[in-house]
Every structure is written in C-alpha cells, then in structure tokens.
Amino acid sequence: MSNGETDRQVAGIERAAIEALVRAEHGDPFSVLGPHALAHGIIIRAYLPGALGVELIHSVSGEVLGALEQSSVPGLFSIRVEQRVPYHYRIHWSSGVQETEDPYAFGQLLGEMDLYLFAEGNHRELGKSLGAQLTSHEGVEGVRFSVWAPNARRVSVVGSFNGWDGRRHPMRLRQPSGVWELFIPRLGAGEVYKYEILGRDGILPLKADPMALATELPPATGSVVSAPLQFEWRDDDWMQRREAQQGYQAPMSIYEVHAGSWRHEAGEESRVLSWKELGEQLIPYVQQLGFTHIELMPIMEHPFGGSWGYQLLSQFAPTARYGSPADFAAFVDACHQAGIGVILDWVPAHFPTDAHGLGQFDGTALYEYAHPFEGFHQDWDTFIYNLGRNEVHGFMLASALHWLRAYHIDGLRVDAVASMLYRDYSRKDGEWIPNRHGGRENLESIDFLRHLNDVVTQEVPGALVIAEESTAWPGVSRPTQEGGLGFAYKWNMGWMHDSLKYVAEDPLHRRHHHHQMTFGLLYAFSEHFVLPISHDEVVHGKRSLLDKMPGDRWQKFANLRLYLSFMWSHPGKKLLFMGCEFGQWREWNHDNELDWYLLRYGEHQGVQQLVSDLNALYRHEPALHQLDGKPEGFAWLIGDDATNSVYAWLRQDESGEPLLVVHNFTPEPRNGYRVGVPKAGAWHVLLNSDAERYAGSNAGSQGGVVAEAIANHGQPQSLLLDLPPLGTLVIKPQ
C-alpha cells in the first residue's frame, strides 16, 4: 500500500467513505475531496474516474507543484503540500489534457439570505439565483449550479463536460434548505447539463433543471447553461404608456397566436417561423388588423408539441423551437415599438409526467401533492403543483415575475384557474380530499393566486394577470383587499358558451333561445371581462368558427360577420384566435399553418376587412370601451324581440355620447324597423356588417338616417331603420 494506505484508510480517509464515493452514494463530497488540513501540511484529494494522471499547478506562477498519486482505488488521487496555495489541476485523459480549478476547493456559494427567502417561498429573483448561473467565484470564471432536492441522498451535475458521469461532480447540500450547490470552473454558456439524483430507493432518471434559463431543442431534453439576458431594450415609450394602454377604460383587442402554426416558411410544412421571422411577418399583420395585443399560447419549454405548450416543464426558459431567449426578447421589443402589447399564457396549475421533469424530482413528491386525489389530474394525465409548499409557491411566483420583468411581458393569462380553486374539480365523490375546514376550496392555491396578484401589482405596475376561470367564483377580478382574487381581468366563459350555442342554432329556432344572448348582460359588470373566442373553441371536433354557423355558404359568412360584430359591440375586452379573423373553414391543427390561400376569395377577404374595421371602430369610439366594466356605459333598447331575433342597445362614453347598435339574427331583412334613440337630428351609420365592402349583400341602412320625434323604447326620438339580414348596424349621432 502507498501514500499511507491501511486496511481502514485510503489517502487519509476511511475506506467506507471512499467506497461511498466510488458508488456515487457519498452525500458530502466536500468532506472528502479538495484541500484538507493535516497535523503537518495540507492533503488535496481528487476523484477523477478515467484520468491517466493529475498534476498540481500553482495558479499564479504556473509552476508544477507535483503529481498527484493515484491510490489503490482507480481515479482517487491525492498529494500532500506544506501550505495552502492557489492551485489548479492539469488532468491527463486519454482524449487529451484539461486544466481546471478544483470544484471542491471553493467555499459555500449561495448566500444565507437567498436560502432563507427560498425556504420562505418569497425569493422573487430565483431566475438569477438557483439553476445554472454564469459567474466569477473567487476570481475564477465558471458556472454555479444549484437545485432543490431535499430528500436526495446525493445530487451530481452531469453533462458532456464530465462524460455524463455522476461520480465526477457531486454537489454540496446546504441544510436546512435542501438546496444542493456546486461551482464548476471554466464552464461557459451553451453547455448541456442535467442532474443525476440518488433518491431513497436508488438512482432516478436524469432530471432537467427546473430553473434552467434555456433548453435543448425538443425532443432533446437537456438544460442549457445560458448567460443572463442582456438585451438592449428600446421600448421605453411603450413601457411608460403601458398602464394607461391596458387600463379598464382602454380598448383592448387581443389576437391569440400559436407561434408554431400561424404561418410556415415558404409553405414548407416542416419549418416553423423563428422569432425574427414572426417579428417581420406577424407584427405588421396585427398592426394592419388593428389588434392592440398579441397573446401567445405557452412558449415556455414543453416536451410534447401536441400539448400546444400547456404541458410545460421549464417555467423560466423560452422554448428553443423558435430561437434563443435573446431572440424572444427582440420579438417582444419589436411588438412594443409597434405599439402592440404581449400577453403570455402561463400554467401554474399542473405539469406533465415526463421522467426528466418535476415529478418525483428527488424520489419523493416534491413539486406535486403526494396523494393522487390531490396531486394527479386524471383529465390531463398531469401532476398538480403543491402550492401549499413554500418552495413551490415561491418557485411559481418567481416564474411569473421572471417573464414580466426579464422579458417585459405585459400580461400573463393564467390557464385553468378553475382547476386550481376547487379540490373536487373534475373528480367524482370519494376521489378528492377536503381542505382543513372540510370544504372543496383549494385554500393553498387561493392564497397563491392572491399573493401573485398583489406582488405583480406592487412590483410590475401596469402588467396584467388574467384568469381563465369558468365557474361562478365571486370576485375573481376584485382587489384582494376587498376579498377578491385580485386578477385584472377574467375570461367570460359563460358569454362564450351561451353566444356560440345561440349562433349555431338555425335562425328559424333562434327565437326559442333568445335569452342566451341577453343573459350575459345580467352579470356583464360583475367582473372585468375579456370575451374569449380562443383556440379551445376551434379544435377537437368543435369545428371552426365559420363552420359552426348554420345555413348555406352565404349565410355562414353573414352569420360570422354578425357574430363578430355582436362581440365587438358587447361590453368586455376582445380576444380572437388566429384564423377566425378571415373565416378559416378547417379546425385548427397545430402541425399545419393557417389556410392563408383562402384570402384569394372575396368572402374571406370580407371577414378580414370587417375585423380590421371593427378594431378601428372599437379604438376610435370611446363609447365602445371607456365604460366597459360599468353599467353606466350600456343601456338596453330592445332585448325582448324574440319573434324577430333582434337586439338593440346603446353604448355610452363618460360624456354620455351614445352609440346605437342593432343586430338582426335572422336572414330576413327588417325594413322600416323603428328603434328609439336619445338624440334628435341626423345619425350616421358607422358600420353595416352586410356591406359590399365585406362581401355582403349590401342590404340595410347605410349613410345618414334622421331621427323622428316619435318616442320609442323609453327614448324621446326614434330611427326608422332597414336592418340587413344576418347583420349588425352601428350608428352614431352626427
């Protein structure tokens, strides 16, 4: 035996510890590796399986201080020196020579405050703390890795830089936080890595980094070391105006986009557009149509494209499908410079079960609830975040802030809020666990949502958080101080379901369903609403928006124009999914681009022109947006003419200036139809959805109409109108 080896010790440490190191089971590698004081001098140990030899180099002078002696345990090297000196290794591999500092010569990395805030669930800059951070530590450039895995027996960083060998870079556990950390010198941006975790019952599948700032392009699943986003933003003007642009009194018209299927390059089915190309093509299109915002379906990295992004695993990394994080920032910046806001769909409710993901992350239910009645979503085959756990609560809070701050995102639309609010959501009796009071509400998720909304309001003024919430939960968009959930807006799912059901009816039968179009106005001002015609309404056999419409080809297009006009003149902000704006016939397919060839045909051009004109009218006329969430901005004139399927109302701005809206939901022209109005004199038809401009029949009142002193519908004057078949009139006093 050499180098002081005995039956019990190798290189001055117990054989049991060495055997644990060799088996990659040692939970405290810093107690064995690196420099350690002896009675006389220092011993430096390195475990480098596969190395042919190791030399110790003085980091200042470059002098070779000596060769480390390999023990009887292959790969375990050591050397004794008289005193501590700055050093690095020169390692001889069969493939070449590597020079690097010793990862086990560095002290603790994360500050106590970082660990305290993380454990408390209130670390709001996790994207700059945990994960893989390019940094200079004690004068050495490299990457600091840190990951939360409190129940692991051992965690290692693995990648091509160490041959994916979990014995090479085991990490240090920081108690009591459960965070493991390691600084690997001389690594740089672009390195692919994962974590190898030894759980209670053995080695787990390699795990991607929950805090990764970048990832490999799927189907590859590695995390990628990324430099902090250092983007030169040019959107100061937008950011200063944003709060007013997104306020309750502002017009807000949202174009919902799936980035991978809006358009493909040169018609190639296999090639999606990059962020740069989307910026060049999508932004001018949205400007042309007059939308104020783009809402992107989730662009956080997700393994399965068929989930459309809703089964995502990387809460801090933009997908590599469309470019780099900097490319995405440039897209957002270009939107802002064009006066367009950007909203991201964000998913704090659930995550997929992929082996490399968050599920059973350290061999235990860490990010998810342990019991399947709480932690597994049967409908979506996903795990449910345990937001009652401080660290998970803080992880998701930091994710939201990351997108809003690092990428200047203007709003987050929170997916599947209803599934978060109720413990019995989509569960049968006996398949859910009541809360601590015996009720069905998920108190932990409710606390999280309120905290999220309070923090965003405080730290990112002007940014929106929007709820996709389909139940009658009270006060979703009411401030938390008043007992609400604190969202800025709520999707009006009731309006969407009722109105789509009505408009799909044969016009002959609509008189029997008249209430479906009036019911939404009973609660229209109980929340701040977005009216959503989203991707969910044009997939899975629901048919496209155009194809939902009854009747022959002419009637389908007329119904679509009428329905869009009804939506744009109804109280509430607007959201329309891509393809609906020109009347796509086919259901949306995430693998294909939209059917742009349809714009060769006049009817499709007409629908697109109508959407453009509706957006212009909506922005230009304060009556259509200024009092959106207040009953003072709306007054029924005709809500009970079920026989003729006619609806009429007034929209008003703060000064009381009215706008008359009349809808005829039958294919019969209604000539000489009298509607009461508040003002005498000339009125001007601003929009007729059946106009020739929209490929309509050009029927109905157009141009000027003069009010008569005949009281009607509670108004002192009235207009005698010709209502177009399946059409809308929007009329304003001159």
Side-chain angles (χ1 to χ4, degrees), residues 20-21 23-30 33 47 49 103-104 109-110 114-115 118 126-127 129-135 142-175 177-185 187 189-216 218 220-226 301 303 312-317 351-368 383 391-392 395 399:
L21 200 65
R23 293 195 308 270
E25 294 178 357
H26 203 298
D28 186 12
F30 281 81
L33 303 177
Y47 184 50
Y104 301 96
L109 306 173
L110 290 167
D114 281 322
L115 297 175
F118 173 70
L126 280 182
S129 178
L130 268 63
Q133 302 292 334
L134 284 175
T135 187
V143 180
R144 183 187 72 213
F145 293 93
S146 49
V147 63
W148 180 53
N151 301 303
R153 292 161 54 196
R154 185 265 305 168
V155 180
S156 297
V157 186
V158 293
S160 57
F161 49 86
N162 61 17
W164 299 90
D165 186 341
R167 299 172 296 173
R168 286 277 308 280
H169 288 110
M171 306 173 80
R172 171 200 285 122
L173 175 61
R174 298 290 299 278
Q175 293 285 18
S177 67
V179 173
W180 299 74
E181 64 179 15
L182 187 70
F183 177 69
I184 302 184
L187 278 191
E191 290 282 358
V192 177
Y193 71 99
K194 286 186 179 180
Y195 295 113
E196 183 180 280
I197 300 176
L198 177 64
R200 291 172 180 168
D201 302 319
I203 292 285
L204 302 172
L206 293 183
K207 294 289 189 178
D209 189 347
M211 298 296 311
L213 299 178
T215 65
E216 287 188 289
T221 57
S223 303
V224 177
V225 175
S226 175
E301 194 61 87
L312 60 94
L313 278 175
S314 292
Q315 287 287 5
F316 291 77
F351 60 90
T353 59
D354 298 67
H356 71 282
L358 300 177
Q360 293 284 306
F361 188 79
D362 63 359
T364 67
L366 194 61
Y367 286 87
E368 70 273 26
F383 291 127
E391 296 88 349
V392 180
F395 172 74
S399 168

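Computed from a predicted structure; not experimentally measured. Count residues from 1 along the sequence.
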Q: Return yes if a side-chain donor-acceptor contact under 3.5 Å exists between S156 and R154, otherwise no.
A: yes
Q: Scan side-chain atoms only and decide if E301 and T215 contain a donor-acceptor pair under the 3.5 Å cut-off.
A: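 Yes, because at least one side-chain N or O of E301 sits under 3.5 Å from a partner of the opposite role on T215.
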With a 4.5 Å cut-off on side-chain heavy atoms, are [Y] and [X] touching?
{"X": "V192", "Y": "W164", "answer": "yes"}
{"X": "L21", "Y": "R167", "answer": "no"}
{"X": "F383", "Y": "L358", "answer": "no"}
{"X": "R174", "Y": "S146", "answer": "no"}

Q. What residues form a ring pair (Phe, Tyr, Trp, His ring centres under 6.0 Å) with Y193, not counting sequence neighbours?
A. F145, Y195
Smallest separation among heavy atoms of [X] and [Y], with atom names:
{"X": "P49", "Y": "R168", "result": "CD-CD, 3.8 Å"}
{"X": "P352", "Y": "L312", "result": "CD-O, 3.3 Å"}
{"X": "L110", "Y": "S129", "result": "CD2-OG, 3.7 Å"}

Would the distance check show the side chain of [X] and the main-chain N or O of [Y] forming a donor-acceptor pair, the cut-off being under 3.5 Å?
{"X": "D114", "Y": "L109", "answer": "no"}
{"X": "E191", "Y": "V225", "answer": "no"}
{"X": "S177", "Y": "L115", "answer": "no"}
{"X": "N151", "Y": "D362", "answer": "no"}
{"X": "S399", "Y": "Q315", "answer": "yes"}

Side-chain donor-acceptor pairs under 3.5 Å in residues 199-208, sequence neighbours left out?
unit_1 : atom_1 : unit_2 : atom_2 : d
K207   : NZ     : A355   : O      : 2.9
K207   : NZ     : G357   : O      : 3.0
K207   : NZ     : G359   : O      : 2.7

Q: Name the orientation class of the two ring planes belonging to F316 and F395 (parallel below 30°, tilted from 30 to 60°, perpendicular beyond 60°).
A: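 F316 and F395: tilted rings.
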